[in-house]
Amino acid sequence: MEKNDINAAELDSCRVLVQKCRDEAKKRLVGQEVLIDGIMTAFIAGGHVLLEGVPGLAKTLAVRTFCEISGLEFKRIQFTPDLLPADISGTLIYEQNKGSFSVRKGPVFTNVVLADEVNRAPAKVQSAMLEAMEEKQVTIGDETFRLPEPFFVLATQNPIEQEGTYNLPEAELDRFLMKLVVSYPSGEDEEKIVKTAGNAVKTAVNQVLSAGDIRNFRRLAESVVCSDKIVEYIVQIISVTRPSEKKQSEHDITRYITVGASPRAGIAMLQCARAASLMAGRSFVLPEDVKTVAHQVLRHRLVLSYEAAANGICADDIISKILDYVPVP
């Protein structure tokens, strides 16, 4: 899978720009390097992100910060049980003085949508995002409208075990390029956070990106060379997640998986690996790039069995075992 060569100047420019974004984000986000790099990877790869963590871990602040850094238009939707699909995509409004219907576009018509606590709303409301996330368009009545370019959905969700949450449909989960798990900060980082007394949001950040820069990132990422061996490695990882019809042995980890990853997962892993290599200043993908993004790409695409829950095994545990099992090219 050969691509056009990227010159050294372009690589260096990308690396410098990525570092500037990291530096700006760190002004507000303490100890969240994995989260920062994950969102940057998604921006470059052109996909959507699902952020999971308990309340108070700066998920919403992270999204706001990246919107300010990139200068993209941003809208926030607070998902609640009484939300309606029309509250997201828009609806037809009857204008009595004209005797006709007009279109009122919803908040999804923007560059970055923050779907806050997306799993607080039932499946009917969540499904309103499917067309927007996949086709980058919204149908209202008989008309179909293109969404602005670039378009990202950055959704936050509380852990499923919390009261008043709904499982996201598998079809919606599969449309998220990656899922980032936001964990508690270390003791040292938490001291820094507490000292700010919650005023991190007031810290000014500079715009160092633009929509044009993001489009250029995507163009260069598509030109990153990925050998056939790396593609084969990605496909092998994906295929191991799919339980065989044959009887599984007691040592086979696939007995913990009910539904494996779809081909969309392999495409996402390749896109993210290319973005990761570009962020590292390289014009070619290494197996380490695939390993770096594997958990983020796969953890929300595996449906685990009851046996996994009974044994306290999570998706990340299974992915780690798969990466140990599949030979590295």
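As a basis for the values below, the full set of heavy atoms in this structure was taken, side chains included, without hydrogen atoms, waters or symmetry mates. Here the structure is a predicted model, which means the values were calculated and not measured.
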Quick one: hydrophobic cluster around [X], which other residues, with the 4.5 Å side-chain cut-off, linked directly or via members?
X	value
I267	none
V34	none
V208	I69, V205

Would a 4.5 Å heavy-atom cut-off, applied to side chains only, mark [X] and [Y] as touching?
X	Y	value
R15	D12	yes
N206	K27	yes
V112	F66	no
L180	L50	no
R76	R64	yes
M178	V49	yes

Over 12 foreign heavy atoms within 6.0 Å of CZ, F145: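 Enclosed: over 12 neighbouring heavy atoms sit under 6.0 Å from CZ of F145.
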Test item: side-chain donor near acceptor, T258 and S305, under 3.5 Å: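 Not at all, the side chains of T258 and S305 share no donor-acceptor pair under 3.5 Å.
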Please list, chain by chain and in numerical order, all residues satisfying ring pair (Phe, Tyr, Trp, His ring centres under 6.0 Å) with [X], sequence neighbours excluded.
X	value
H48	F151
F152	F43
F74	none

Non-hydrogen atoms of [X] and [Y] that approach each other most closely:
X	Y	value
A268	V297	CB-CG1, 3.9 Å
A265	R301	CB-CD, 3.4 Å
D87	P107	O-CD, 3.2 Å

Contact list for residues 177-188, test salt bridge (charged side-chain N to carboxylate O under 4.0 Å, His left out), sequence neighbours left out: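 Those involving residues 177-188 are E52-K179.
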Salt bridge (charged side-chain N to carboxylate O under 4.0 Å, His left out) pairs, two or more places apart, involving residues 315-326: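 Sorted result for residues 315-326: R299-D316.
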I318: which of L323, I313, L298 passes side-chain contact (heavy atoms from CB on, under 4.5 Å):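 It is I313; the other options fail the test.
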Chi angles and distances behind the salt bridge (charged side-chain N to carboxylate O under 4.0 Å, His left out) call for R219, E10: CA-CA 11 Å; R219 178 185 64 81; E10 288 177 318; 3.4 Å; yes
Chi angles and distances behind the salt bridge (charged side-chain N to carboxylate O under 4.0 Å, His left out) call for E134, R264: CA-CA 11 Å; E134 185 65 20; R264 188 185 278 129; 3.7 Å; yes
Sequence-distant partners of E232, salt bridge (Lys or Arg N to Asp or Glu O under 4.0 Å), two or more places apart: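 Here no residue qualifies.
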Salt bridge (Lys or Arg N to Asp or Glu O under 4.0 Å) partners of R22, counting only residues at least two apart: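 By the salt bridge (Lys or Arg N to Asp or Glu O under 4.0 Å) rule, R22 matches D37.
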Qualifying ring-ring contact (aromatic ring centres under 6.0 Å, His included) pairs with a residue from residues 303-329, counting only residues at least two apart or across chains: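 Applying ring-ring contact (aromatic ring centres under 6.0 Å, His included) to every pair that reaches into residues 303-329, excluding sequence neighbours, yields nothing.
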Any pair counted as ring-ring contact (aromatic ring centres under 6.0 Å, His included), so long as it reaches residues 80-118, sequence neighbours left out: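 Counting only pairs at least two positions apart or across chains, the ring-ring contact (aromatic ring centres under 6.0 Å, His included) contacts touching residues 80-118 are Y94-F101.
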Verify same cluster id: I234, I44 (apolar side-chain graph, 4.5 Å):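 Linked, I234 and I44 end up in one cluster.
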Rounded distance (nearest 0.5 Å) linking atom CZ of R274 with atom OG of S223: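 One finds 8.5 Å between CZ of R274 and OG of S223.
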T60: which of T65, D116, T156 passes side-chain hydrogen bond (donor to acceptor under 3.5 Å, both in side chains):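 Of the listed residues T65, D116, T156, the side-chain hydrogen bond (donor to acceptor under 3.5 Å, both in side chains) partner of T60 is D116.
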